[in-house]
Peer 1: 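Encoded as structure tokens, here's the structure I'll be asking about.
Note on naming: letters A, B, ... go to the chains in the order of the sequence lines (proteins, then strands), and numbering restarts at 1 for each one.
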There are 2 protein chains.
Amino acid sequence: MSETADHGARAYHHGDLRKALLEAARGIVEQEGLDAFTLRECARRAGVSHGAPAHHFTDRTGLLTALAVQALEERVAAAEARMAAAGPDPLDRLKACGLAHIEFNIRHPRLDDLCSHNGVTDHSDPAMQAVFQKMTAALVDAMSAATGQPMKPEKEANPETLLALVVVTGFAKVFNDGMILRDVPERERFGRALALASDLLDLLDSAFRGRGVSAD
Amino acid sequence: MSETADHGARAYHHGDLRKALLEAARGIVEQEGLDAFTLRECARRAGVSHGAPAHHFTDRTGLLTALAVQALEERVAAAEARMAAAGPDPLDRLKACGLAHIEFNIRHPRLDDLCSHNGVTDHSDPAMQAVFQKMTAALVDAMSAATGQPMKPEKEANPETLLALVVVTGFAKVFNDGMILRDVPERERFGRALALASDLLDLLDSAFRGRGVSAD
DNA sequence: AGTATGATCTAGACATCGACTAGATCGAGA
DNA sequence: TCTCGATCTAGTCGATGTCTAGATCATACT
């Protein structure tokens with residue numbers, strides 16, 4: 001048990017500083033926003049010195065990358081759970097998958113920022129690549145089942161698949177950037193957004209159902 | 001001519017430092033990325049001291065906000081030109097508008113970052129609000145013409161309009177984040193993306209044309 | 001014409017940041 | 001028990017954004 005990469009709960013001076021730092025980082029990012037995140041404030045919240053994080057994450061990028069991976073894993077898990085609960089119909093499952101991603105992204109807009117903002121995280125990180133691969137694989141599977149024909153990853157660029165990807169990605173961005181529902185009171189905003197997203201996916205469903213989903 | 005807000009070309013010590021700073025800032029953001037932008041480097045490129053920018057922009061946010069406004073004005077102007085050249089058919093004009101926004105956003109991904117990234121720019125800035133209002137007004141007009149029924153701004157939340165907004169916004173994000181066409185050589189990436197975007201809009205066009213665009 | 005005024009810019013200071021280094025502290029295996 | 005490595009602290013460095021005082025210069029006023 002001498003590996004540096006052992007992320008299990010170890011009890012040294014602090015207890016499990018890695019976990020504590022990740023929780024502190026998540027708190028900062030979700031409450032104050034990505035720009036407010038600093039390594040020193042993170043260490044402050046965890047009650048350690050400003051140099052301590054360097055022993056668990058190589059640098060600022062490393063810590064934020066780990067946080068992004070954690071968030072993406074939650075998102076993927078939520079999507080998988082929703083798909084499992086959606087029943088057997090492939091289009092229902094696809095819609096459940098899309099709605100799950102949208103819901104996570106509008107419920108945690110700052111984490112969505114973190115994951116999509118280029119430069120603050122390391123996309124070449126193995127854990128990052130792993131969760132990305134898992135996510136795209138799930139999407140490709142859902143799309144294959146919905147269209148009824150197997151779809152290879154490199155065939156990702158066909159318009160129908162792209163439309164699904166674009167709508168899910170775009171809706172969260174449009175909402176989180178305040179381009180829609182800006183004047184709706186905070187209490188109702190989330191629910192209204194979810195209902196709107198559902199309508200949007202239903203619209204696509206009705207537009208393409210029975211049309212032969214593969215147009216080209 | 002004693003107004004502080006006079007942004008015209010004045011020739012003091014530098015000549016027109018405001019313009020020079022904006023050009024330097026744009027160079028940094030477009031070449032090195034938003035994270036690489038610093039006021040001091042900006043001043044360095046303009047050949048002035050590090051404190052000089054404060055006299056033309058209140059602070060870092062102010063300078064970046066001005067740059068974002070400049071970019072958005074270019075984008076809106078490009079969209080208007082494309083619409084004017086698209087001919088009379090409302091759906092053609094709407095597609096031209098959407099493609100213009102997409103093209104600008106994938107041609108200047110860093111500027112797209114700047115404009116959409118929350119926190120670095122001041123959305124309450126008057127110039128920012130003005131260009132945003134102009135942009136949404138143009139979109140609402142285009143949608144009203146395409147659907148054949150007048151659409152009030154607060155009615156923005158109907159699924160069809162939302163779909164157009166979401167697709168345009170989402171496509172640029174999906175492409176700029178490298179979720180599609182990642183392995184395509186740089187030389188072909190831009191052209192392929194534009195073609196894909198055109199296909200996507202055509203797909204929506206064919207799905208909704210003659211269907212009674214207003215579903216609800 | 002000569003001066004006063006205000007806009008423009010420089011130079012220095014300060015707090016804070018990320019990263020690096022040396023040294024103290026502590027836990028686990030020999 | 002003792003050693004060794006992992007963990008953490010404290011100090012330092014260069015860089016950044018912002019603030020302030022002072023110098024410089026174009027324009028307006030008399």
Peer 1: Donor-acceptor pair, distance only, cut-off 3.5 Å: does the side chain of T136(B) make one with the backbone of Q133(B)?
Peer 2: yes

Peer 1: Among the candidates dG17(D), dT10(C), dT7(D), find the nucleotide nearest to the side-chain atoms of H55(B).
Peer 2: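 Nucleotide nearest to H55(B)'s side chain: dT10(C).
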
Peer 1: Of the options dA10(D), dT9(D), dT18(D), whose atoms approach the side-chain atoms of H50(B) most closely?
Peer 2: dT18(D)

Peer 1: Could you tell me how far apart R60(B) (CZ) and dG17(D) (P) are, to the nearest whole angstrom?
Peer 2: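 For the pair R60(B) CZ and dG17(D) P, the rounded distance is 6 Å.
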
Peer 1: With no hydrogens and no angle check, is any side-chain donor or acceptor of T65(B) less than 3.5 Å from a backbone partner on D122(B)?
Peer 2: yes

Peer 1: Of the nucleotides dG18(C), dT9(D), dC9(C), which has the atom closest to the S49(A) side chain?
Peer 2: dT9(D)

Peer 1: How close or far is atom P of dA7(C) from atom CG of D16(B), stated in whole angstroms?
Peer 2: 17 Å

Peer 1: Okay, side chain of R192(A), backbone of E188(A): is any donor-acceptor separation there less than 3.5 Å?
Peer 2: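 No, because the side chain of R192(A) does not come within donor-acceptor range (under 3.5 Å) of the backbone of E188(A).
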
Peer 1: Between atom CZ in R18(A) and atom P in dC8(D), what is the gap in whole Å?
Peer 2: 12 Å

Peer 1: Would you kindly give the CG-to-P distance between D35(A) and dG17(D), to the nearest whole Å?
Peer 2: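 Rounding to the nearest Å, CG of D35(A) and P of dG17(D) are 13 Å apart.
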
Peer 1: Which of the following nucleotides, dT12(D), dT16(D), dC8(D), is nearest to the side chain of R40(A)?
Peer 2: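 That would be dT12(D).
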
Peer 1: How long is the line joining CG of L64(B) and C1' of dT16(D), in whole Å?
Peer 2: 14 Å

Peer 1: For L63(A) and dC17(C), give me the distance from atom CG to atom C1', rounded to whole Å.
Peer 2: 15 Å

Peer 1: Distance check: side-chain N/O of R44(A) vs OP1/OP2 of dC17(C), anything under 4.0 Å?
Peer 2: yes

Peer 1: Kindly point out which of dT9(D), dA19(C), dT7(D) is positioned nearest to the side chain of H56(A)?
Peer 2: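 Nearest listed nucleotide: dT7(D).
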
Peer 1: What class does the angle between the rings of H108(A) and F104(A) fall in, given that below 30° is parallel, 30 to 60° is tilted and above 60° is perpendicular?
Peer 2: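 Ring orientation, 0 to 90° scale: tilted.
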
Peer 1: Tell me which nucleotide among dC9(C), dT18(D), dG18(C) gets nearest to the side chain of L39(A).
Peer 2: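 Comparing dC9(C), dT18(D), dG18(C) against the side chain of L39(A), the answer is dG18(C).
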
